[in-house]
Each structure stands twice: as structure tokens, then as C-alpha cells.
Amino acid sequence: MTITLEPVIHGDRVSLLRVLGPAHVWALGVGIVLVGEFTGWNFAADKGGALAALIVCWIVGLLYTSVAMIDSEVTSTVAAAGGQYAQAKHIVGPLMAFNVALFLVFAYTMLEVSDAILLGDTIVAKAGVEGLNHNAFIAATIVVLAWLNYRGVLMTLNVNFVITAIAYISIVILFFSVSPWTQGAVLKLNELVTPENALPYGWIGVIAAFQFGIWFYLGIEGTTQAAEEVRSPARSLPYGTMAGMITLLIAAAMTWYVCASLMPWEYLGITYYPLWDAGKLTGSPLLENLLFVATLLAALASANGCINDAARAWFSLGRDRYLPSWFSAVHPRYRTPYRSILFLLPIALAFAFIADLNQAITFSILSGVLQYTFMSINIVMFRKKWPLASIRRGYTHPFHPLPAIVLFCLCVVTYFAIFLGFGSQLIAMVAFYFLISLWFHFYRYKFVRRGDQFTMPWPRPQGY
């Protein structure tokens with residue numbers, strides 16, 4: 001099959017290229033998330049113990065399955081750059097769309113920052129050189145990946161596909177190398193997770209663990225950011241997103257089983273490198289080095305995808321005049337939102353040098369959960385305004401409205417979990433989003449051409 005790289009035309013403006021297929025969508029979603037198996041999820045064990053980490057692994061997996069189902073329906077129908085932002089713009093209105101875009105930008109930018117910090121710290125830990133600072137590695141990671149995104153989305157996601165696949169295969173190799181079917185040979189789960197220490201802080205510890213259980217899957221919704229660059233959104237977005245979610249559920253289960261069977265929950269809950277440490281504890285230098293390299297690759301894949309997604313959300317705000325239209329420029333040769341990429345570069349660098357890993361992770365998680373809460377409301381409004389028979393959908397998710405109800409309830413639990421651990425940061429972030437909403441309403445909204453934003457061939461809702 002011959003693929004023609006034709007630019008998408010909006011009026012007389014050359015826009016983004018439709019060059020991506022289901023494998024690229026998978027690489028974008030799984031690439032962003034897989035780093036969560038290498039670090040982040042294990043902090044849930046510190047909150048509630050190893051068994052609590054497993055419980056939230058599956059419950060949060062249900063949350064993200066609902067996210068993937070809802071996203072697959074709406075985005076395969078509203079196929080535009082910005083993903084959830086484009087959904088909010090068409091279904092709810094400008095203020096919600098503006099906030100959702102900010103949630104996306106900060107969720108991905110802070111996840112990118114977390115990835116860069118992890119990569120720098122991992123290299124420093126491996127080098128073992130006294131006085132070696134991670135700042136140079138952090139800066140090099142962010143700058144090089146921004147350059148890669150600047151040069152083109154097809155090359156960016158081809159790279160992501162390769163390095164994500166290698167990182168994922170390393171988890172599979174580790175799993176089968178420790179004789180998982182024979183407890184006691186290498187793995188010691190029965191000794192490490194006993195009735196006495198399974199839930200050291202009781203069920204409140206399980207609730208608290210939700211905050212970092214999110215890290216198992218955070219970012220899978222990023223597949224929708226490339227909706228305008230996918231050749232067949234109705235096919236590629238649902239297939240790529242749902243395949244990515246299945247991939248992550250399997251990886252999460254294998255990761256927990258191996259790590260909880262090799263190290264006490266007290267140590268598992270504080271290490272920054274659970275899978276790399278698991279490789280060390282097997283006693284195999286080959287596995288240790290494989291998991292070291294895989295940790296770096298997972299961090300690179302995640303940061304790479306985050307730059308891609310944050311830039312698309314920022315670009316969409318500029319194109320619709322929610323922000324200055326200067327940000328909506330597309331590179332004449334590479335067909336990328338290069339100004340948005342370059343604008344977000346120093347912001348990511350600044351946060352990387354002033355924030356610690358826990359703060360960056362929490363900022364990213366909260367921004368993500370705010371976005372998921374919107375999605376639970378958004379799908380209900382979408383089905384109400386445009387019932388199933390009224391418009392053509394690329395995919396229709398089953399069991400509506402049950403996924404929306406499950407998603408909303410689990411988001412509420414996660415807010416409470418974040419409040420238990422980072423209450424002041426939660427309040428500060430909510431206040432920030434409230435103030436920026438006031439700025440948009442009283443200053444920027446007058447520049448928005450609301451009537452021009454409804455680009456779908458559907459009956460227009462009231463207000464457009």
C-alpha cells in the first residue's frame with residue numbers, strides 16, 4: 001500500500017500531515033505511560049503496602065479502561081488536534097475547552113519533567129561518580145527530544161515505537177527469567193506479603209495509594225492528541241488506544257508481581273527504580289543492565305510523547321484564538337507546530353530544575369484527574385446532544401453510562417487520596433486553574449470566534 005503524505009488544508013492554511021497508523025497511536029499512548037512501570041507506581045506501596053499497590057493497580061485499571069472507551073468514541077468522531085480540548089470545544093463550550101487544554105499541557109509537561117529527572121538520576125546512580133550532577137542529562141534529554149519533535153511527527157513516533165517495544169520486552173524477559181510459575185525458586189511473594197503486613201495502614205492506606213496507582217496508566221489518553229495526524233481516525237484511534245490499554249494492564253500485573261516478590265514493601269515504596277532494582281536482585285548482571293537500559297528508554301519514550309501531546313494542545317489553543325494565533329504556526333517543511341514546541345521548551349526546563357520528582361508527579365496526576373472528571377461529564381452531554389442514530393461515529397463504546405459513572409466516582413476517590421498526601425498542592429493547583437479561568441473569561445474570550453470553531457458536519461448546539 002502506498003502512503004501519500006498530503007497536508008491537511010484548513011481553508012488556505014497548510015496544516016498537519018495525516019501520516020500515522022494504529023501502531024503509531026499505540027506507540028504514542030504506551031510510550032507515554034510505560035515509564036510508570038519503571039518508577040512512580042511503587043510509591044503506592046509506601047502509602048498502603050504491597051497489596052494496596054495491587055488493589056489500586058486493578059481498580060485504577062478500571063478507571064483508565066473507562067477513559068480509553070470514552071475517548072475512543074468521542075475522538076474517533078471529533079478527529080482534531082488537541083484531543084480532549086477539541087471534544088470540549090464542540091460539546092461543552094470555550095471555558096471548559098480552555099481549561100481542558102491547560103490540564104493537558106500541564107499534565108504532559110510535568111510528566112515530561114518527571115521523565116527527564118528520572119533519566120538524569122538513573123544515569124547518575126549507575127555512574128556512581130561522586131559529585132556528578134543530573135542537570136546536564138536533564139537538559140540534554142528535553143532539548144534533544146524537542147528537536148526530534150520539531151523535525152516531524154512520523155519520525156518522532158517511529159522512534160517511540162522502537163524504544164517503547166524494547167522497554168516493554170525487557171519487562172517480559174524479566175518476568176519469565178525469574179520462574180514466575182514456581183514461587184520460592186526466585187520469587188518470595190509468600191514471605192514478603194504476609195497477612196500481617198499485607199495492608200499495614202488498613203483500608204485508608206488503599207485509598208491513599210490511589211494517588212500513585214494512577215502512574216500505572218497515566219497518559220494513555222494522549223493517543224487522541226494525534227487525531228488530526230492519523231490517516232483513518234475511526235479505525236486507528238480505537239484500535240491503537242484499546243490495544244495500548246490491554247498492553248499496559250499486562251505490563252502492570254507483571255511488574256507488580258515481580259517487584260513485590262523480590263523486595264519488602266518498605267523498600268519498594270521508596271525506591272526510584274523498582275524494575276532496575278528487581279533486575280539487580282535476580283543476581284544476573286545481564287538482567288540488571290537490561291533493566292537499566294530499559295528504564296532510560298522508557299523515560300525517553302514518555303518524554304518524547306509528552307512533548308508531542310503538549311505541543312498539539314497548545315497549538316490548538318492558538319489556532320482557535322484562545323491564545324495568540326502566533327502559536328498556531330505550522331513549520332512549512334516539517335509540518336509540525338514548531339512555535340508551540342519551542343515555547344514549551346524553556347517551561348519544561350525551568351520546572352525540571354526547580355521541582356523534585358514527587359512534586360512533578362503529583363502536578364501531572366492532578367492535572368490528568370481533572371481532565372478525566374471532565375470526560376465523564378463530556379460523554380453524557382455528547383450522547384444527549386447527538387444520540388447514536390443522529391451522527392456517524394467511528395466507534396461506539398458499550399454499557400453507557402456505566403463507564404462515565406465509574407470514571408467519575410474513581411476520580412473523586414483519587415482527589416481524596418491526593419488531599420491526604422499533598423493537600424496544600426491540591427488547593428494551590430485548583431486556585432491556579434480558577435484564576436486562569438477568570439483571566440480567560442474577562443480578557444481572552446473576546447478574541448475567540450466561537451462560530452468558526454464548530455467544524456463538525458453535525459447539527460449545531462445552542463450558542464454556536
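Hydrogens, waters and symmetry mates play no part in the numbers below; they use all other heavy atoms, side chains included. For the single chain, residues carry numbers from 1 onward in sequence order.
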**Q** Taking CZ in F408 as the centre, count heavy atoms belonging to other residues, nucleotides or ligands within less than 6.0 Å. Is the count above 12?
**A** no
**Q** Within the 3.5 Å criterion, strictly below it, is a donor on E221 or Y372 matched to an acceptor on the partner's side chain?
**A** yes
**Q** List in chain and number order the residues that pass side chain to side chain donor-acceptor pair (under 3.5 Å) with K126, two or more places apart in sequence or in another chain; answer none if no residue qualifies.
**A**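 For K126 the side chain to side chain donor-acceptor pair (under 3.5 Å) partners, ignoring immediate neighbours, are N289.
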**Q** Below 30° counts as parallel, above 60° as perpendicular, anything between as tilted: where do the rings of F419 and F416 land?
**A** parallel
**Q** Between side-chain atoms of residues 301-311 and protein atoms elsewhere (two or more places apart, or another chain), which donor-acceptor pairs fall under 3.5 Å?
**A**
residue : atom : partner : partner atom : Å
S302    : OG   : I32     : O            : 2.7
S302    : OG   : D115    : OD1          : 3.3
S302    : OG   : D115    : OD2          : 2.6
N304    : OD1  : N149    : ND2          : 2.9
N304    : ND2  : T156    : O            : 3.3
N304    : ND2  : N160    : OD1          : 2.8
N308    : OD1  : R312    : NH1          : 3.4

**Q** List the steps, then state whether ring pair (Phe, Tyr, Trp, His ring centres under 6.0 Å) holds for F98 with Y445.
**A** CA-CA 10 Å; F98 176 75; Y445 184 77; over 10 Å; no
**Q** Assess the side chains of S437 and N99: does a donor N or O sit below 3.5 Å from an acceptor N or O?
**A** yes
**Q** Okay, side chain of T223, backbone of V25: is any donor-acceptor separation there less than 3.5 Å?
**A**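 No, the answer is negative, given that no donor and acceptor are paired below the 3.5 Å cut-off.
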**Q** Would you say the side-chain atoms of H24 pair up with the backbone N or O of G21, donor to acceptor, closer than 3.5 Å?
**A**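 Looks like yes, one N/O pair under 3.5 Å.
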**Q** Can you tell me if S284 uses its side chain to pair, donor with acceptor, with the backbone of L287 under 3.5 Å?
**A** yes
**Q** Roughly how far, to the nearest 0.5 Å, is the CD1 atom of I169 from the CG atom of L290?
**A**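 Going from CG on L290 over to CD1 on I169, the span is 10.0 Å.
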**Q** Find out whether L420 and Q211 are in side-chain contact, i.e. whether some heavy atom of one side chain is under 4.5 Å from a heavy atom of the other.
**A**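 The answer is no, as the side chains (C-beta and beyond) never meet within the 4.5 Å cut-off.
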**Q** Is there a donor in the side chain of T122 and an acceptor in the side chain of T295, or the other way round, less than 3.5 Å apart?
**A** no
**Q** Return the CG to OG distance between L275 and S170, rounded to the nearest 0.5 Å.
**A**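 Between L275 CG and S170 OG, I get 7.0 Å after rounding to 0.5 Å.
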**Q** Answer yes or no: is there a donor N or O on one side and an acceptor on the other, between the side chain of S114 and the main chain of M110, under 3.5 Å?
**A** yes
**Q** Going by atom types only, do T247 and W26 share a side-chain donor-acceptor pair under 3.5 Å?
**A** yes
**Q** Between F315, W314, Y150, which is the residue that forms a ring pair (Phe, Tyr, Trp, His ring centres under 6.0 Å) with F343?
**A** W314
**Q** Report the distance from atom CZ of F43 to atom OH of Y272, rounding to the nearest 0.5 Å.
**A**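 Reported to 0.5 Å precision, the distance equals 5.0 Å.
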**Q** Side chain to side chain contact (heavy atoms under 4.5 Å, CB included) with I138: which of V113, N133, I117?
**A** I117
**Q** Do the rings of Y334 and H331 sit parallel, tilted or perpendicular, given the 30° and 60° boundaries?
**A**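 Judged by the thresholds at 30° and 60°, the geometry between Y334 and H331 is tilted.
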**Q** Quick one: CG on L345 to OG1 on T109, what's the gap to the nearest 0.5 Å?
**A**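 The distance works out to 10.5 Å.
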**Q** Quick check: does any side chain N or O of R335 sit under 3.5 Å from a backbone N or O of P332, one acting as donor and the other as acceptor?
**A** yes
**Q** Answer yes or no: is there a donor N or O on one side and an acceptor on the other, between the side chain of W256 and the main chain of A50, under 3.5 Å?
**A**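 The answer is yes, because a donor-acceptor pair under 3.5 Å joins these two groups.
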**Q** Has N378 got a side-chain atom pairing as donor or acceptor with S376's backbone, closer than 3.5 angstrom?
**A**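 Looks like no, no N/O pair under 3.5 Å.
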**Q** Hey, what's the ring geometry for F363 with F106, parallel, tilted or perpendicular (30° and 60° as the breaks)?
**A**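 F363 and F106: parallel rings.
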**Q** I'd like to know if the side chain of Y273 reaches the main chain of D121, judged simply by a donor and an acceptor atom lying under 3.5 Å from each other, with no hydrogens or angles considered.
**A** yes
**Q** With respect to L262, which candidate in L174, L268, L187 satisfies the side chain to side chain contact (heavy atoms under 4.5 Å, CB included) definition?
**A** L187
**Q** Nearest 0.5 Å, what's the CD1-CD1 distance between I171 and I166?
**A** 13.0 Å
**Q** Applying side-chain hydrogen bond (donor to acceptor under 3.5 Å, both in side chains), which residue pairs with at least one partner in residues 407-429 are found, sequence neighbours left out?
**A**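 Listed by first then second residue: T373-Y415.
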**Q** Can R444 be said to sit on top of F440's aromatic six-ring, NZ or CZ under 6.0 Å from centre and within 45° of the ring axis?
**A** no
**Q** Going by atom types alone, do N197 and E266 pair a side-chain donor with an acceptor below 3.5 Å?
**A**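 On atom types as modelled, these side chains do not qualify, holding no pair under 3.5 Å.
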**Q** Taking the side chain as everything from C-beta on, heavy atoms only, tell me whether D277 gets closer than 4.5 Å to Y267.
**A**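 Answer yes - side chains close enough.
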**Q** Please check: side-chain N/O of Y322 versus main-chain N/O of A97, any donor-acceptor pairing under 3.5 Å?
**A** no
**Q** Roughly how far, to the nearest 0.5 Å, is SG of C57 from OH of Y257?
**A**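 That separation rounds to 14.5 Å.
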**Q** Using a cut-off of 6.0 Å, state whether more than 12 heavy atoms not belonging to Y239 lie near its atom OH.
**A** no
